[in-house]
Amino acid sequence: MRHAISVLVDNQAGVLSRVIGLFSGRGFNIESLSVAPTLDPTKSKMVITTSGNEQVLEQIKKQLNKLINVIKVIDYMGKEFVEREMILVKVKAKEETRAEVLRIADIFRAKVVDVSSNSYTLALTGDKGKLEGFIEILNPIGIIDFIRTGTVIMEREMHGRRKL
Amino acid sequence: MKKISGAYAFIEALRCEGVRHVFGFPGGAVLDIFDAIMDADDIEFILSRHEQGAVHAADGYARASGDVGVCLVTSGPGATNTVTGIATAYMDSIPMVVFTGQVPTHLIGNDAFQEADIVGITRPCTKHNYLVKNISDLGRVIKEAFYIARTGRSGPVLVDLPKDVMKDTISFKYPDKVEMESYCPTYKGHPGQIKRIVSLILKSKKPVIYAGGGVVHANASKELADFAHRMSLPITTTLMGLGAFPSGDPLSLGMLGMHGTYAANMAVTHTDCLVAIGSRFDDRVTGKIDEFAPKAKIIHIDIDPTSISKNVKVDLPVVGDCKMVLQGMLSQIKEGNDEVKTLNKSIKPWLKRIDTWKREQPLRYSKGTAIKPQYVIEMIDRLTPDNTIISTEVGQNQMWTAQFYKFKEPRLFLTSGGLGTMGYGFPAAIGAQVAFPDRTVIDIAGDGSIQMNIQELATVVQYKLPVKVMILNNGYLGMVRQWQALFYKKRYSHTSLEVSPDYIKLAEAYGAVGIRVNEPSQVEDAIKQALSIKGPVFVDFIVEPEEDVYPMVPAGAPINNMLLV
Ligand SMILES: Cc1ncc(C[n+]2csc(CCOP(=O)(O)OP(=O)(O)O)c2C)c(N)n1
Ligand SMILES: [Mg+2]
């Protein structure tokens, strides 16, 4: 089962390696990771997507909490949240496929961020499913390279708001 | 306020923490600190002969006294030499602060002379660690280091001190409070859960307590004994828990697990209610995990939430300090209470069954013409006072000590349980002797292990520490040989110690006393003689070379599947 976990940590040197070391040392899997400072610049937030059975997830959360520099751990499983990830895809764009690439970009509401005589670089944000769909559709045309940022996530504010 | 150097501020911080002994070894990066130490008359420094020895000594000091052990070494090789000792303390949750020198901050990352990224290296084997980059952080970091080491599930903390920070100056004030948003251990167990534990035990027919090192760390032995006695609950302990409940008490089953007693392993296999207190379901305890306590409801009391449901699914967990949780449990049951009376009565057939197991399969060994190592330990047990501190090395010597020395109190048995570090026992005994100069301190050693920190003979002689080392000299890396005998068709690949030093001459070369014992009839007198000598003694018992430790549960088998003598 895929879980997205956010980890609020002290924004200090070495904290990232404590978290990563925990995952590698205990054989937990990391699917994606993103990290940056928060509103309070003395803290950083990491979002880790991982998978495992219930017992493994429990251990991951407890072990994270045990790290001295970890302030708060939230597992978004079962919560209402918004999830986004960004991808940059460099795709082959020859004479015969240029229009097709642009059409796909349009359908996904991706942006063209770089152009050359034989490629387009597209930027797209969305959840994991959307990004993977995008890759799948572009694949037959010829993906030269892509890079993903890893998932970021935020709990939805449920009070006095309609679900978007 | 007068400005002082980082080195003097460091000494002041130790003083504020009540540190009276520091174990260590000098070098370039810590010259300033060593210079400052010369002026600290109230802090005794013990110079080991290898940094590993210093860390194990600090560890033994901590285990025996309950205080935080402190260690100071130089950068680079000094720091890397501490790693085994730190990992040993980490696995057994020993409170310790290790200070390492570091190259000056402007050289960090430059592959400077004697630079090692010790904070990176020890990240997975410390509870936490720090690099002090600025003298203004020094007080806070040391305060936090001691606090983290001794609170919650205790453990080693490393503090890396760059040379320029030690030379820098500051108007130093040691903080009187720690403020850490992200670290606040749970001590008080959930009252509802505590109630549920007691009622689950009251409803059980075949309960067993399985107590571990956590009981020792929490100083909860008295509460444990009160609870067990009031409820008439049998107790088995782990290797780390030996002494937490007095051996010899009718309710004591001894140790469980791979080399546990028959009664303990059978009781755990048949119990309907296993009460784990400060123990962590280590694989050397559980054997085949699916068949561990298969019929039991499992209760688990532990200060570390990550220990709970890590290896086995727990039915009733409580996170908290063992002492406080046991106090809570005690307040739920009054002696003479009807429910307790009912349990005391209904538990009788179970206790009887346990007694039968004890009687039918006691720990035993066959007599022979050569000295039996178990006999040596029985003799040491008989001839030493009850408050004797015993450390061990690792291997058969360790298991026989666990089986045949009858520990009656906690903090008397110092052994590397989690990491199984050969070479631990001798320096650990040094640390214990420093903490308790007037007590008898003995390292029960193997001929393989003792050589791993043999250099500390110089330390015991220099500081007049009357540590007694009893070597069970079987000529083998015995425990490994035993596995080869049982599971590798007796192919003794590189486990025969074909060359060993003459331990008598060796002891004498360092200025200690050496005694050799060849005959069973000489064992008693030799131990008496060693104990009567005021200084350090090595006793070399030439024992039966191919004696094995029994009972033994083969790796991966359920624990009721024991090989017996
Ligand atoms: C540092 C280290 N290296 C290797 C081992 C593996 N090992 C476990 S027991 C043992 C044999 C120890 O021999 P000895 O000290 O003579 O004890 P005996 O079993 O003979 O009593 C070995 C090599 C270990 N535990 N620690
Ligand atoms: Mg041996």
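Model, not experiment: these values are computed from the prediction. Lettering of chains follows the sequences in order, A, B, ..., and the numbering in each one begins at 1.
Shown here is A:K128, whose NZ atom has more than 12 heavy atoms of other residues, nucleotides or ligands within 6.0 Å. Environment of NZ in B:K143: crowded, with over 12 heavy atoms of neighbouring residues, nucleotides or ligands closer than 6.0 Å. The neighbour count for A:K79 NZ, taken as heavy atoms of other residues, nucleotides or ligands under 6.0 Å away, is above 12. For A:N53, the CG atom sits in a packed shell: over 12 heavy atoms of surrounding residues, nucleotides or ligands are nearer than 6.0 Å. No more than 12 heavy-atom neighbours from other residues, nucleotides or ligands sit within 6.0 angstrom of CD on A:E136. Within a 6.0 Å sphere centred on CE of A:M154, other residues, nucleotides and ligands contribute 12 heavy atoms or fewer.
The CG atom of A:N65 lies 13.0 Å from the OH atom of B:Y183; values are rounded to the nearest 0.5 Å. Rounded to the nearest 0.5 Å, atoms CD1 (A:I20) and CZ (B:R123) are 11.0 Å apart. Taking CD of A:Q59 as the reference point, atom OG1 of B:T306 lies at 5.5 Å (rounded to 0.5 Å). A:I68 contributes atom CD1, which lies 5.5 Å from atom NZ of B:K127 (distance to the nearest 0.5 angstrom). Remark: A:K62 NZ to B:K310 NZ distance equals 10.0 Å, nearest 0.5 Å.
Of all the listed residues (A:E58, A:K43, A:Q12, A:K61), the one sharing the greatest number of non-hydrogen pairs under 4.5 Å with chain B is A:K43.
Not one N or O on the side chain of B:E181 forms a donor-acceptor pair closer than 3.5 Å with the backbone of A:I71.
Contact of B:I148 with chain A is made through the side chain alone, with heavy-atom distances under 4.5 Å. Of the two parts of B:N129, the backbone and the side chain both hold a non-hydrogen atom closer than 4.5 Å to a non-hydrogen atom of chain A. For a residue to count as touching a neighbouring chain, one of its non-hydrogen atoms must lie under 4.5 Å from one of that chain's; by this rule B:P124 does not touch chain A. At a 4.5 Å heavy-atom cutoff, the contact between A:Q55 and chain B is made by side-chain atoms alone.
For the pair B:H128 and A:N69, the minimum side-chain heavy-atom distance is below 4.5 Å. In this structure the side chain of B:S182 reaches within 4.5 angstrom of the side chain of A:D10, judged on heavy atoms.
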